[in-house]
Amino acid sequence: MNGSKFDWGAARDVLPLLLHGFLTTLLATVLGTLVAAVLGLVIAIARRAPSRLVTAPVRAVMEFVRSTPLLVQLVGAAAVFSSVDPLVIGIVVLGIHYATYTSEVYRAGIDAVPRGQWEACRALSMSPRRTWQAVVLPQAVRNVLPALGNYAISMFKETPFLAVITVEEIVFEARKYGSDHFAYTEAFTLAGLIFLVASYPTSLLMRKLEKRLGH
Amino acid sequence: MNTFFTAFLDNLPQVLSGLGVTAESTVLGALVAGVLAFVLGLMAGHRNIVVRGVSRTVVEFFRGTSLYVQLFWLYFALPLLTGYQLSALFCGVVAFGLNFGAYGSEVVRGGISAVPRAQWEAAVALNLSPYQRMRRVILPQALAQMIPSFTNLLIQLLKATPLLWLISAADLMTVIQQLRDRTGESLVAYLTLLVFYFVLAYVLTLLMNLLERAAKARLGEHTGTRGLLRSRSAAAAESVPVVPGGAS
(Lines give C-alpha, C1' and ligand atoms only; values in the text may rest on other atoms or scores of the structure.)
Protein backbone atom coordinates (compact mmCIF):
# COMPACT_ATOMS: atom_id res chain seq x y z
CA MET A 1 0.00 0.00 0.00
CA ASN A 2 1.41 3.30 -1.12
CA GLY A 3 0.31 5.62 1.69
CA SER A 4 1.51 3.33 4.44
CA LYS A 5 4.24 5.61 5.76
CA PHE A 6 4.69 9.26 6.55
CA ASP A 7 5.36 11.22 3.33
CA TRP A 8 7.64 14.18 4.10
CA GLY A 9 7.03 15.72 0.68
CA ALA A 10 3.29 15.90 1.34
CA ALA A 11 4.01 17.29 4.79
CA ARG A 12 6.08 20.08 3.22
CA ASP A 13 3.30 20.82 0.73
CA VAL A 14 0.52 20.99 3.29
CA LEU A 15 2.33 23.07 5.93
CA PRO A 16 1.89 26.50 4.24
CA LEU A 17 -1.83 25.78 3.74
CA LEU A 18 -2.20 24.83 7.38
CA LEU A 19 -0.38 27.93 8.56
CA HIS A 20 -2.66 30.03 6.38
CA GLY A 21 -5.67 28.33 7.96
CA PHE A 22 -4.06 28.91 11.34
CA LEU A 23 -4.40 32.68 10.83
CA THR A 24 -8.17 32.29 10.48
CA THR A 25 -8.18 30.05 13.56
CA LEU A 26 -6.31 32.72 15.48
CA LEU A 27 -8.62 35.48 14.26
CA ALA A 28 -11.72 33.50 15.29
CA THR A 29 -10.19 32.78 18.71
CA VAL A 30 -9.23 36.39 19.40
CA LEU A 31 -12.55 37.90 18.27
CA GLY A 32 -14.55 35.09 19.89
CA THR A 33 -12.75 35.70 23.18
CA LEU A 34 -13.51 39.40 22.90
CA VAL A 35 -17.24 38.71 22.43
CA ALA A 36 -17.15 36.23 25.33
CA ALA A 37 -15.32 38.69 27.59
CA VAL A 38 -17.77 41.54 26.96
CA LEU A 39 -20.98 39.52 26.83
CA GLY A 40 -19.96 37.50 29.89
CA LEU A 41 -19.67 40.72 31.89
CA VAL A 42 -23.09 41.87 30.66
CA ILE A 43 -24.64 38.54 31.70
CA ALA A 44 -22.94 38.64 35.09
CA ILE A 45 -24.31 42.13 35.77
CA ALA A 46 -27.78 41.20 34.46
CA ARG A 47 -27.86 38.26 36.87
CA ARG A 48 -27.53 40.68 39.78
CA ALA A 49 -30.44 42.78 38.58
CA PRO A 50 -32.98 43.56 41.33
CA SER A 51 -35.92 41.97 39.49
CA ARG A 52 -36.48 38.24 39.04
CA LEU A 53 -38.09 39.09 35.71
CA VAL A 54 -34.56 39.78 34.47
CA THR A 55 -32.50 37.23 36.40
CA ALA A 56 -34.71 34.18 35.83
CA PRO A 57 -34.79 34.27 31.99
CA VAL A 58 -31.09 35.15 31.80
CA ARG A 59 -30.27 32.21 34.03
CA ALA A 60 -32.48 29.85 32.01
CA VAL A 61 -31.01 30.85 28.66
CA MET A 62 -27.50 30.60 30.09
CA GLU A 63 -28.13 27.14 31.49
CA PHE A 64 -29.53 26.02 28.15
CA VAL A 65 -26.64 27.35 26.06
CA ARG A 66 -24.10 25.94 28.52
CA SER A 67 -25.63 22.45 28.49
CA THR A 68 -25.99 22.00 24.74
CA PRO A 69 -23.26 21.15 22.20
CA LEU A 70 -21.38 23.97 20.51
CA LEU A 71 -21.35 21.99 17.27
CA VAL A 72 -25.16 21.83 17.12
CA GLN A 73 -25.41 25.53 17.93
CA LEU A 74 -22.94 26.36 15.15
CA VAL A 75 -24.51 24.18 12.48
CA GLY A 76 -28.01 25.30 13.49
CA ALA A 77 -27.07 29.00 13.38
CA ALA A 78 -25.39 28.56 10.02
CA ALA A 79 -28.49 26.83 8.62
CA VAL A 80 -30.97 29.38 9.99
CA PHE A 81 -28.91 32.46 9.10
CA SER A 82 -27.65 31.07 5.82
CA SER A 83 -27.03 34.50 4.27
CA VAL A 84 -24.52 35.59 6.92
CA ASP A 85 -20.76 35.02 6.44
CA PRO A 86 -19.88 31.73 8.20
CA LEU A 87 -16.84 33.28 9.91
CA VAL A 88 -19.10 35.91 11.53
CA ILE A 89 -21.54 33.20 12.65
CA GLY A 90 -18.63 31.20 14.01
CA ILE A 91 -17.25 34.10 16.03
CA VAL A 92 -20.66 35.09 17.41
CA VAL A 93 -21.66 31.52 18.37
CA LEU A 94 -18.25 30.80 19.93
CA GLY A 95 -18.51 34.12 21.78
CA ILE A 96 -22.02 33.45 23.11
CA HIS A 97 -21.20 29.88 24.12
CA TYR A 98 -18.10 30.92 26.02
CA ALA A 99 -19.84 33.98 27.49
CA THR A 100 -21.93 31.55 29.56
CA TYR A 101 -18.66 30.27 31.05
CA THR A 102 -16.94 33.63 31.46
CA SER A 103 -20.04 35.13 33.12
CA GLU A 104 -19.51 32.62 35.94
CA VAL A 105 -15.95 33.84 36.30
CA TYR A 106 -17.10 37.44 36.53
CA ARG A 107 -19.86 36.45 38.92
CA ALA A 108 -17.34 34.84 41.26
CA GLY A 109 -15.25 38.01 41.00
CA ILE A 110 -18.25 40.22 41.79
CA ASP A 111 -19.36 37.99 44.67
CA ALA A 112 -15.87 38.30 46.13
CA VAL A 113 -16.24 42.08 46.52
CA PRO A 114 -17.01 42.54 50.23
CA ARG A 115 -20.55 43.62 51.23
CA GLY A 116 -19.07 46.62 53.00
CA GLN A 117 -18.05 48.08 49.65
CA TRP A 118 -21.64 48.02 48.40
CA GLU A 119 -22.92 49.48 51.65
CA ALA A 120 -20.30 52.22 51.55
CA CYS A 121 -21.44 53.15 48.04
CA ARG A 122 -25.01 53.41 49.23
CA ALA A 123 -23.92 55.46 52.23
CA LEU A 124 -22.13 57.83 49.86
CA SER A 125 -25.34 57.83 47.74
CA MET A 126 -23.54 56.83 44.60
CA SER A 127 -25.70 55.93 41.60
CA PRO A 128 -25.85 52.21 40.67
CA ARG A 129 -23.90 53.02 37.51
CA ARG A 130 -21.13 54.70 39.44
CA THR A 131 -21.10 51.92 42.05
CA TRP A 132 -20.39 49.37 39.36
CA GLN A 133 -17.94 51.48 37.39
CA ALA A 134 -15.86 53.03 40.11
CA VAL A 135 -16.01 50.51 42.94
CA VAL A 136 -17.19 46.99 42.11
CA LEU A 137 -15.88 46.23 38.64
CA PRO A 138 -12.30 47.46 39.13
CA GLN A 139 -12.00 45.05 42.05
CA ALA A 140 -13.92 42.21 40.43
CA VAL A 141 -12.33 42.18 37.00
CA ARG A 142 -8.71 42.27 38.12
CA ASN A 143 -8.48 38.62 39.10
CA VAL A 144 -10.55 37.40 36.21
CA LEU A 145 -7.78 37.70 33.64
CA PRO A 146 -6.10 34.27 34.02
CA ALA A 147 -9.46 32.48 33.86
CA LEU A 148 -10.36 34.37 30.69
CA GLY A 149 -7.02 33.33 29.23
CA ASN A 150 -7.76 29.70 30.03
CA TYR A 151 -11.12 29.91 28.32
CA ALA A 152 -9.41 31.48 25.31
CA ILE A 153 -7.19 28.38 25.12
CA SER A 154 -10.20 26.05 25.35
CA MET A 155 -11.91 28.07 22.65
CA PHE A 156 -8.82 27.81 20.49
CA LYS A 157 -9.07 24.03 20.70
CA GLU A 158 -12.74 24.15 19.71
CA THR A 159 -12.30 26.41 16.68
CA PRO A 160 -11.92 23.33 14.41
CA PHE A 161 -15.73 23.12 14.69
CA LEU A 162 -15.83 26.12 12.38
CA ALA A 163 -14.57 23.90 9.56
CA VAL A 164 -17.99 22.25 9.59
CA ILE A 165 -19.69 25.51 8.57
CA THR A 166 -17.04 25.97 5.82
CA VAL A 167 -14.81 28.50 7.57
CA GLU A 168 -11.40 27.90 6.01
CA GLU A 169 -9.44 27.41 9.18
CA ILE A 170 -6.72 24.89 9.94
CA VAL A 171 -8.75 21.65 10.05
CA PHE A 172 -10.71 22.69 6.98
CA GLU A 173 -7.41 23.00 5.10
CA ALA A 174 -6.19 19.69 6.50
CA ARG A 175 -9.36 17.90 5.39
CA LYS A 176 -9.23 19.48 1.97
CA TYR A 177 -5.60 18.61 1.38
CA GLY A 178 -6.16 15.16 2.85
CA SER A 179 -9.01 14.34 0.48
CA ASP A 180 -7.42 15.98 -2.60
CA HIS A 181 -4.08 14.18 -2.24
CA PHE A 182 -5.19 11.22 -0.11
CA ALA A 183 -2.67 12.36 2.49
CA TYR A 184 -4.75 12.51 5.69
CA THR A 185 -1.89 11.21 7.83
CA GLU A 186 0.46 14.10 7.08
CA ALA A 187 -2.26 16.77 7.14
CA PHE A 188 -3.87 15.76 10.45
CA THR A 189 -0.59 14.95 12.19
CA LEU A 190 0.76 18.40 11.37
CA ALA A 191 -2.54 20.07 12.28
CA GLY A 192 -2.40 18.35 15.68
CA LEU A 193 1.20 19.40 16.22
CA ILE A 194 0.39 23.01 15.36
CA PHE A 195 -2.34 22.96 18.01
CA LEU A 196 0.06 21.52 20.56
CA VAL A 197 2.84 23.99 19.73
CA ALA A 198 0.43 26.92 19.96
CA SER A 199 -1.58 25.94 23.03
CA TYR A 200 1.05 24.45 25.35
CA PRO A 201 3.29 27.55 25.72
CA THR A 202 0.18 29.72 26.10
CA SER A 203 -1.04 27.46 28.92
CA LEU A 204 2.35 27.76 30.62
CA LEU A 205 2.12 31.53 30.28
CA MET A 206 -1.35 31.55 31.85
CA ARG A 207 -0.07 29.47 34.74
CA LYS A 208 2.70 32.00 35.33
CA LEU A 209 0.18 34.84 35.22
CA GLU A 210 -2.00 33.00 37.74
CA LYS A 211 0.96 32.58 40.09
CA ARG A 212 1.89 36.25 39.77
CA LEU A 213 -1.62 37.37 40.60
CA GLY A 214 -1.40 35.09 43.64
CA HIS A 215 -3.98 32.38 42.92
CA MET B 1 -49.19 19.79 12.59
CA ASN B 2 -45.70 20.92 11.72
CA THR B 3 -44.11 18.84 8.96
CA PHE B 4 -40.93 18.35 10.97
CA PHE B 5 -42.74 16.77 13.89
CA THR B 6 -44.74 14.58 11.52
CA ALA B 7 -41.48 13.35 10.03
CA PHE B 8 -40.09 13.03 13.56
CA LEU B 9 -42.93 10.75 14.67
CA ASP B 10 -42.86 8.76 11.44
CA ASN B 11 -39.17 8.07 11.91
CA LEU B 12 -39.24 7.50 15.65
CA PRO B 13 -37.29 4.19 15.43
CA GLN B 14 -34.39 5.94 13.67
CA VAL B 15 -34.46 8.79 16.20
CA LEU B 16 -34.35 6.31 19.06
CA SER B 17 -31.50 4.41 17.44
CA GLY B 18 -29.61 7.71 17.02
CA LEU B 19 -30.28 8.47 20.66
CA GLY B 20 -28.90 5.01 21.44
CA VAL B 21 -25.66 5.69 19.57
CA THR B 22 -25.24 9.03 21.39
CA ALA B 23 -25.93 7.40 24.76
CA GLU B 24 -23.68 4.45 24.00
CA SER B 25 -20.72 6.59 22.96
CA THR B 26 -21.20 8.84 26.00
CA VAL B 27 -21.32 5.95 28.46
CA LEU B 28 -18.48 3.94 26.88
CA GLY B 29 -16.35 7.07 26.37
CA ALA B 30 -16.93 8.03 29.99
CA LEU B 31 -15.93 4.54 31.17
CA VAL B 32 -12.66 4.61 29.20
CA ALA B 33 -12.03 8.18 30.36
CA GLY B 34 -12.77 7.24 33.98
CA VAL B 35 -10.34 4.32 34.01
CA LEU B 36 -7.66 6.40 32.28
CA ALA B 37 -8.24 9.32 34.64
CA PHE B 38 -7.56 7.15 37.68
CA VAL B 39 -4.53 5.42 36.12
CA LEU B 40 -2.94 8.70 35.00
CA GLY B 41 -4.03 10.57 38.13
CA LEU B 42 -2.53 7.97 40.48
CA MET B 43 0.63 7.86 38.34
CA ALA B 44 0.95 11.63 38.73
CA GLY B 45 1.32 11.16 42.49
CA HIS B 46 3.88 8.35 42.24
CA ARG B 47 7.27 8.55 43.95
CA ASN B 48 9.19 7.60 40.80
CA ILE B 49 9.89 10.56 38.54
CA VAL B 50 9.75 8.40 35.38
CA VAL B 51 6.19 7.31 36.21
CA ARG B 52 5.21 10.91 36.91
CA GLY B 53 6.90 12.04 33.70
CA VAL B 54 5.03 9.50 31.57
CA SER B 55 1.72 10.57 33.08
CA ARG B 56 2.51 14.28 32.59
CA THR B 57 3.51 13.76 28.93
CA VAL B 58 0.42 11.73 28.05
CA VAL B 59 -1.87 14.23 29.78
CA GLU B 60 -0.32 17.28 28.13
CA PHE B 61 -0.35 15.60 24.74
CA PHE B 62 -4.04 14.72 24.79
CA ARG B 63 -5.07 18.04 26.31
CA GLY B 64 -2.88 20.08 23.99
CA THR B 65 -4.03 18.62 20.69
CA SER B 66 -7.65 19.33 19.89
CA LEU B 67 -10.21 16.52 20.42
CA TYR B 68 -11.49 17.18 16.93
CA VAL B 69 -8.02 16.61 15.44
CA GLN B 70 -7.54 13.45 17.53
CA LEU B 71 -10.83 12.01 16.34
CA PHE B 72 -10.06 12.78 12.71
CA TRP B 73 -6.57 11.38 13.07
CA LEU B 74 -7.94 8.08 14.41
CA TYR B 75 -10.62 7.83 11.75
CA PHE B 76 -8.86 9.14 8.63
CA ALA B 77 -5.09 9.07 9.23
CA LEU B 78 -4.56 5.88 11.25
CA PRO B 79 -6.08 3.55 8.60
CA LEU B 80 -3.62 4.94 6.03
CA LEU B 81 -0.71 4.15 8.36
CA THR B 82 -1.87 0.72 9.49
CA GLY B 83 -4.20 -0.36 6.68
CA TYR B 84 -6.88 -1.19 9.22
CA GLN B 85 -10.09 0.86 9.41
CA LEU B 86 -11.63 1.23 12.86
CA SER B 87 -15.40 1.69 13.14
CA ALA B 88 -16.63 5.25 13.67
CA LEU B 89 -18.16 4.49 17.05
CA PHE B 90 -14.95 2.80 18.22
CA CYS B 91 -12.87 5.81 17.12
CA GLY B 92 -15.27 8.08 18.99
CA VAL B 93 -15.08 6.07 22.20
CA VAL B 94 -11.25 5.93 22.04
CA ALA B 95 -10.86 9.65 21.25
CA PHE B 96 -13.38 10.73 23.94
CA GLY B 97 -11.76 8.35 26.40
CA LEU B 98 -8.22 9.60 25.79
CA ASN B 99 -9.09 13.29 25.71
CA PHE B 100 -11.43 13.38 28.71
CA GLY B 101 -9.27 10.84 30.53
CA ALA B 102 -6.42 13.34 30.33
CA TYR B 103 -8.61 16.12 31.75
CA GLY B 104 -10.04 13.76 34.35
CA SER B 105 -6.60 12.75 35.58
CA GLU B 106 -6.10 16.34 36.76
CA VAL B 107 -9.33 16.06 38.75
CA VAL B 108 -8.13 12.80 40.32
CA ARG B 109 -4.73 14.29 41.12
CA GLY B 110 -6.33 17.40 42.63
CA GLY B 111 -8.84 15.36 44.65
CA ILE B 112 -6.16 13.13 46.12
CA SER B 113 -3.87 15.99 47.02
CA ALA B 114 -6.80 17.77 48.71
CA VAL B 115 -7.09 14.99 51.31
CA PRO B 116 -5.46 16.36 54.49
CA ARG B 117 -1.91 15.16 55.22
CA ALA B 118 -2.96 13.96 58.65
CA GLN B 119 -5.10 11.29 56.98
CA TRP B 120 -2.03 9.88 55.23
CA GLU B 121 -0.01 10.01 58.42
CA ALA B 122 -2.76 8.34 60.41
CA ALA B 123 -2.97 5.57 57.81
CA VAL B 124 0.79 5.04 58.09
CA ALA B 125 0.62 5.09 61.88
CA LEU B 126 -2.08 2.38 61.78
CA ASN B 127 0.30 0.28 59.67
CA LEU B 128 -2.01 0.11 56.65
CA SER B 129 -0.38 -1.10 53.44
CA PRO B 130 -0.11 1.47 50.61
CA TYR B 131 -3.00 -0.30 48.87
CA GLN B 132 -5.22 -0.28 51.97
CA ARG B 133 -4.31 3.34 52.63
CA MET B 134 -5.43 4.39 49.16
CA ARG B 135 -8.47 2.12 48.97
CA ARG B 136 -9.84 2.55 52.50
CA VAL B 137 -8.76 6.02 53.57
CA ILE B 138 -7.70 8.37 50.79
CA LEU B 139 -9.90 7.48 47.80
CA PRO B 140 -13.27 7.47 49.61
CA GLN B 141 -12.60 11.02 50.78
CA ALA B 142 -11.10 12.19 47.50
CA LEU B 143 -13.94 10.69 45.47
CA ALA B 144 -16.65 12.78 47.11
CA GLN B 145 -14.72 15.91 46.19
CA MET B 146 -14.02 14.83 42.63
CA ILE B 147 -17.61 14.14 41.60
CA PRO B 148 -18.73 17.73 40.81
CA SER B 149 -15.76 18.13 38.45
CA PHE B 150 -16.45 14.73 36.92
CA THR B 151 -20.05 15.83 36.33
CA ASN B 152 -18.79 18.79 34.32
CA LEU B 153 -16.45 16.61 32.29
CA LEU B 154 -19.26 14.15 31.63
CA ILE B 155 -21.47 16.94 30.27
CA GLN B 156 -18.53 18.15 28.15
CA LEU B 157 -18.20 14.63 26.79
CA LEU B 158 -21.90 14.47 25.96
CA LYS B 159 -21.55 17.83 24.23
CA ALA B 160 -18.65 16.42 22.16
CA THR B 161 -20.61 13.41 20.85
CA PRO B 162 -22.18 15.26 17.87
CA LEU B 163 -18.66 15.08 16.41
CA LEU B 164 -19.59 11.49 15.54
CA TRP B 165 -21.76 12.91 12.79
CA LEU B 166 -18.59 14.12 11.05
CA ILE B 167 -17.13 10.62 10.91
CA SER B 168 -20.49 9.25 9.76
CA ALA B 169 -21.69 7.36 12.81
CA ALA B 170 -25.49 7.51 12.90
CA ASP B 171 -25.83 9.43 16.16
CA LEU B 172 -28.71 11.65 17.25
CA MET B 173 -27.37 14.66 15.36
CA THR B 174 -27.06 12.68 12.10
CA VAL B 175 -30.63 11.38 12.34
CA ILE B 176 -32.20 14.76 13.17
CA GLN B 177 -30.24 16.40 10.37
CA GLN B 178 -31.59 13.83 7.92
CA LEU B 179 -35.11 14.81 9.01
CA ARG B 180 -34.19 18.46 8.56
CA ASP B 181 -32.91 17.82 5.05
CA ARG B 182 -36.17 16.07 4.19
CA THR B 183 -38.47 18.76 5.64
CA GLY B 184 -36.30 21.87 5.20
CA GLU B 185 -37.27 23.15 8.65
CA SER B 186 -33.90 24.18 10.07
CA LEU B 187 -35.03 26.19 13.07
CA VAL B 188 -37.43 23.59 14.49
CA ALA B 189 -35.04 20.73 13.76
CA TYR B 190 -32.02 22.26 15.49
CA LEU B 191 -34.04 23.53 18.44
CA THR B 192 -35.42 20.03 18.92
CA LEU B 193 -31.89 18.67 18.78
CA LEU B 194 -30.70 21.20 21.37
CA VAL B 195 -33.59 20.30 23.68
CA PHE B 196 -32.63 16.63 23.39
CA TYR B 197 -29.08 17.36 24.51
CA PHE B 198 -30.29 19.67 27.26
CA VAL B 199 -32.53 16.95 28.70
CA LEU B 200 -29.75 14.36 28.41
CA ALA B 201 -27.35 16.72 30.20
CA TYR B 202 -29.87 17.31 32.97
CA VAL B 203 -30.49 13.59 33.44
CA LEU B 204 -26.73 12.96 33.67
CA THR B 205 -26.38 15.79 36.20
CA LEU B 206 -29.14 14.27 38.37
CA LEU B 207 -27.49 10.84 38.27
CA MET B 208 -24.13 12.34 39.23
CA ASN B 209 -25.77 14.27 42.09
CA LEU B 210 -27.15 10.95 43.37
CA LEU B 211 -23.65 9.48 43.13
CA GLU B 212 -22.19 12.41 45.04
CA ARG B 213 -24.81 11.98 47.74
CA ALA B 214 -23.93 8.29 48.05
CA ALA B 215 -20.20 9.06 48.21
CA LYS B 216 -20.80 11.65 50.94
CA ALA B 217 -23.09 9.31 52.86
CA ARG B 218 -20.20 6.83 53.01
CA LEU B 219 -18.19 9.50 54.79
CA GLY B 220 -21.02 10.09 57.23
CA GLU B 221 -22.07 13.42 55.68
CA HIS B 222 -25.76 13.13 54.92
CA THR B 223 -27.20 15.67 52.56
CA GLY B 224 -30.85 16.41 51.97
CA THR B 225 -32.82 15.57 48.84
CA ARG B 226 -33.22 19.22 47.86
CA GLY B 227 -29.72 19.54 46.46
CA LEU B 228 -30.29 16.64 44.07
CA LEU B 229 -32.27 18.75 41.64
CA ARG B 230 -29.68 21.49 41.39
CA SER B 231 -27.86 22.03 38.13
CA ARG B 232 -24.10 22.02 37.89
CA SER B 233 -22.44 24.42 40.27
CA ALA B 234 -20.52 27.38 38.96
CA ALA B 235 -17.52 26.74 41.16
CA ALA B 236 -17.07 23.27 39.74
CA ALA B 237 -17.27 24.61 36.20
CA GLU B 238 -14.16 26.60 36.87
CA SER B 239 -12.29 23.84 38.61
CA VAL B 240 -11.92 21.89 35.36
CA PRO B 241 -8.27 22.69 34.86
CA VAL B 242 -7.17 23.91 31.49
CA VAL B 243 -3.71 24.98 32.50
CA PRO B 244 -0.91 22.41 32.72
CA GLY B 245 -0.50 21.58 36.35
CA GLY B 246 -4.13 22.43 36.83
CA ALA B 247 -5.82 24.11 39.74
CA SER B 248 -3.41 23.79 42.59
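Per chain, numbering begins at 1; letters A, B, ... match sequence-line order.
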Quick check: are there more than 12 heavy atoms from other residues, nucleotides or ligands sitting under 6.0 Å from [atom1] of [X]?
| X | atom1 | value |
| --- | --- | --- |
| B/I49 | CD1 | no |
| A/R59 | CZ | no |
| A/F81 | CZ | no |

Working for side chain to side chain contact (heavy atoms under 4.5 Å, CB included), residues A/Q73 and B/K159: CA-CA 11 Å; A/Q73 292 165 4; B/K159 283 164 60 184; over 6 Å; no
Step-by-step side chain to side chain contact (heavy atoms under 4.5 Å, CB included) determination, B/W165 to A/V164: CA-CA 11 Å; B/W165 159 56; A/V164 182; 3.4 Å; yes
Under 4.5 Å from any heavy atom of chain A, what part of [X] do you find: side chain, backbone, both or neither?
| X | answer |
| --- | --- |
| B/Q70 | neither |
| B/L166 | side chain |
| B/Y202 | neither |

Engaged part of [X] at the chain B interface, taking heavy atoms whose separation is under 4.5 Å:
| X | result |
| --- | --- |
| A/F161 | both |
| A/V72 | both |
| A/S179 | neither |

Smallest separation among heavy atoms of B/S186 and A/V80, with atom names: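 Heavy atoms only, the tightest pair is CB-CG2, 4.1 Å.
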Nearest atoms (heavy-atom pairs only) where A/S199 meets B/G64: OG-O, 3.1 Å
Side chain to side chain donor-acceptor pair (under 3.5 Å) against A/E169, all qualifying residues, sequence neighbours excluded: none
Options B/L163, B/L67, B/L191, ranked by heavy-atom pairs under 4.5 Å with chain A, top entry: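 When all of B/L163, B/L67, B/L191 are compared, B/L163 has the most.
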Interface residue of largest heavy-atom contact number with chain A, from B/L158, B/I176, B/V195, B/L200, under 4.5 Å: B/V195
Got a second to check how far [X]'s [atom1] is from [Y]'s [atom2], nearest 0.5 Å?
| X | Y | atom1 | atom2 | value |
| --- | --- | --- | --- | --- |
| A/L204 | B/E60 | CG | CD | 7.5 Å |
| A/I170 | B/S66 | CD1 | OG | 9.5 Å |
| B/L80 | A/D7 | CG | CG | 11.5 Å |
| A/I194 | B/T65 | CD1 | OG1 | 12.5 Å |

Check: B/F198 main-chain N/O paired with A/T68 side-chain donor or acceptor under 3.5 Å: no
Flag, side chain of A/K157 to backbone of B/Y68, donor-acceptor distance under 3.5 Å: no
Greatest number of heavy atom pairs closer than 4.5 Å to chain B - which of A/L193, A/V65, A/V75: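 Ranked by contacts with chain B, first place is A/V75.
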Summary of salt bridge (charged side-chain N to carboxylate O under 4.0 Å, His left out) pairs that have at least one residue in residues 8-33 of chain A, sequence neighbours excluded: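 Qualifying pairs, neighbours excluded: none.
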B/F72 and A/F188 aromatic ring geometry - parallel, tilted or perpendicular at 30°/60° bounds: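 Ring orientation, 0 to 90° scale: perpendicular.
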